[in-house]
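Report on the following structure.
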Amino acid sequence: MATTAQVPAETSAAGAFVRQAYTIRDRITADGSSGFPAVAGRYHLYVSLACPWAHRALIVRRLLGLEEVISMSVVDPIRDERGWAFRDGPGCSRDPVNGFQFLSEAYLLTDPSYVGRYSVPCLWDRVTRRLVTNNFPDITIDFETQFRAYHRPGAPDLYPEALRPEIDAINALIYEDVNNGVYKAGFAINQAAYEEAVNALFARLDWLEERLARQRFLVGGQLTEADIRLFPTLVRFDSVYHGHFKCNLRRLVDYPNLWGYVRDLYSRSHFGDTTNFDHIKRHYYMTHEKLNPSRVVPAGPILNWAEPHQRALLS
Ligand SMILES: N[C@@H](CCC(=O)N[C@@H](CS)C(=O)NCC(=O)O)C(=O)O
C-alpha cells in the first residue's frame, strides 16, 4: 500500500505555512496495471464544495460526463477537530457507500496507523474497501487520461499530449504562487513570511493578467487542466482570500483580464454550477478559528458574475 506516516500541515521555523505531503498515492489505470482499474461504479469521490483542490475534481467529473461512473459525496462545510463530517444540510450529502459519519473513518480503514490530515478530495475503492488516493493533482489527470472509455461523447481533451509540457510548467508556477500562495499568506504567523507569500502571489497575478490580455485560456487556445486548476482559486479570491487570508493588495475585480477570464469560465457549464459560495464562506470563516475567532461570516462582497465579458474576441 502506497501510504506513509506523516506529520500534519504546519508552520516552519521561519513562520511559513508548510503543506503536508500527500500520503495515499495509488493511481487508477485504464489497463488495470496499477491494481486499480478504471471501471464504472467502482470508485467514490469524497469532496467539500468549499475546498479549491476538490473543486477541480468536481468540475472535471462533470465536464467529462463521469457522474454515473464515479459516485460522489459532499461533506458538511464546517470542519472541527474531528475533521470533515457527513451531515444533513443545504448542498451536503450523507455517505451512501459506507455510511461514514466522519471522513476520518475512510482514512483509518485504509491505514489504521494514519496520522496525517483527513483531507478532501479523496477517492474510495468499493472493491478493496480503502482509499486509492488523496493526492489531488493525480485525481483530475486520471479522470482525464485513464477513464477515456467512459467520457461522454464530445467531452473535451483537457490534457492533450502536445500541450502537456506547457500545462505542467504553468501549473507548477500557479500552484506555488497562487493556489498554495493564498494559504501561505493566510497561515503565515509572522510578518516576513506573510509578505513573502503575498508579494509572490500578486507578482504572479500581475503576470497572469498580462498573459490573459492576449489569450482566452492559459495554454494553447483551448480549455485545459491549467484553467481547471486556476479557476477554483480565482473564484474564491474576493470572497475569502482577500479578507480572511489578507491577500488584499488588490481584489480580483481590479484585474480586468483575470476578472473577465474567471467570469468567462464561471458562465460555462460546470464551473459556476459547481461553485457554492455558501459552503465556501461558511467553511473558511467558521473553520479557521485562529484567523476568525468570532466565526462571523461576512455578508459581502457583492459580485456580478453575469457582467458581460469580451473574452470570445480572443479565441
Ligand atoms: N491533501 C492536501 C490538499 C487538500 C486540502 O488541503 N484539503 C483541505 C480542504 S481545502 C482539507 O481537506 N483539509 C483537511 C484538514 O486540514 O484537516 C492537504 O491536506 O494539504
Side-chain angles (χ1 to χ4, degrees), residues 2-12 16-26 45-60 72-87 91-92 95 100-108 110-111 114-124 131-142 171 174-176 178-187 197 228-237 239-241 244-245 247 274-277 279-292:
T3 63
T4 48
Q6 59 168 20
V7 290
E10 38 179 282
T11 43
S12 72
F17 169 68
V18 180
R19 185 167 289 280
Q20 70 170 14
Y22 313 109
T23 50
I24 305 175
R25 304 188 59 141
D26 281 297
L45 181 64
Y46 290 114
V47 295
S48 158
L49 301 184
C51 171
W53 318 102
H55 196 174
R56 303 163 170 199
L58 276 161
I59 296 170
V60 170
M72 188 179 88
S73 303
V74 177
V75 296
D76 187 275
I78 313 298
R79 199 181 68 214
D80 61 20
E81 65 291 347
R82 297 168 296 178
W84 297 110
F86 301 95
R87 301 188 187 97
C92 310
D95 171 28
F100 292 147
Q101 271 190 292
F102 293 97
L103 189 63
S104 58
E105 295 167 62
Y107 279 83
L108 294 172
T110 304
D111 177 0
Y114 185 83
V115 293
R117 306 195 70 89
Y118 309 124
S119 62
V120 287
C122 56
L123 203 57
W124 176 264
L131 291 170
V132 181
T133 178
N134 69 342
N135 192 41
F136 60 79
D138 294 340
I139 294 177
T140 46
I141 299 288
D142 287 353
N171 282 349
I174 291 175
Y175 171 79
E176 198 53 41
V178 181
N179 301 139
N180 201 33
V182 293
Y183 283 87
K184 287 192 279 189
F187 290 137
I228 307 282
R229 293 186 184 200
L230 181 56
F231 175 80
T233 300
L234 296 187
V235 84
R236 286 160 176 72
F237 203 87
S239 297
V240 287
Y241 301 142
H244 186 62
F245 278 179
C247 299
T274 54
T275 303
N276 185 318
F277 285 109
H279 279 220
I280 291 169
K281 287 169 64 172
R282 280 196 292 130
H283 168 68
Y284 281 89
Y285 284 100
M286 297 181 71
T287 295
H288 307 136
E289 256 188 281
K290 277 200 183 131
L291 298 186
N292 188 36

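The figures that follow rest on heavy atoms only: side chains count, while hydrogens, waters and symmetry mates do not. Order of appearance sets the numbers: ligands from 1, and atoms from 1 within every ligand.
Against a heavy-atom cut-off of under 4.0 Å, Y183 is close to the following atoms of ligand 1: 10 (S). Atom numbering of ligand 1 starts at 1 in the shown order; those under 4.0 Å from a heavy atom of W53 are 3 (C), 4 (C), 5 (C), 6 (O), 7 (N), 10 (S). Close approach to C51 involves these atoms of ligand 1, each under 4.0 Å from a residue heavy atom: 7 (N), 9 (C), 10 (S). Heavy-atom contacts of F136 reach the following atoms of ligand 1: 3 (C) (cutoff under 4.0 Å).
Side-chain contact between K281 and P77 is absent, with no heavy-atom pair separated by less than 4.5 Å. A heavy-atom distance below 4.5 Å is not found between the side chains of I139 and W53. Considering only heavy atoms from C-beta on, Y183 comes within 4.5 Å of P52 through its side chain. Counting heavy atoms from C-beta on, the side chains of L103 and F86 come closer than 4.5 Å.
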Mind running side chain to side chain donor-acceptor pair (under 3.5 Å) on N292 and Y284 for me, showing each step along the way?
CA-CA 9 Å; N292 188 36; Y284 281 89; over 6 Å; no
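Looking at S119 next to ligand 1, an N or O pair under 3.5 Å apart turns up. Considering backbone and side-chain atoms alike, P52 places every N or O at 3.5 Å or more from each N or O of ligand 1.
Under the 4.0 angstrom criterion for non-hydrogen atoms, H283 is not in contact with ligand 1.
Rounding to the nearest 0.5 angstrom, the gap separating the CG atom in N134 from the CD1 atom in I24 is 4.5 Å.
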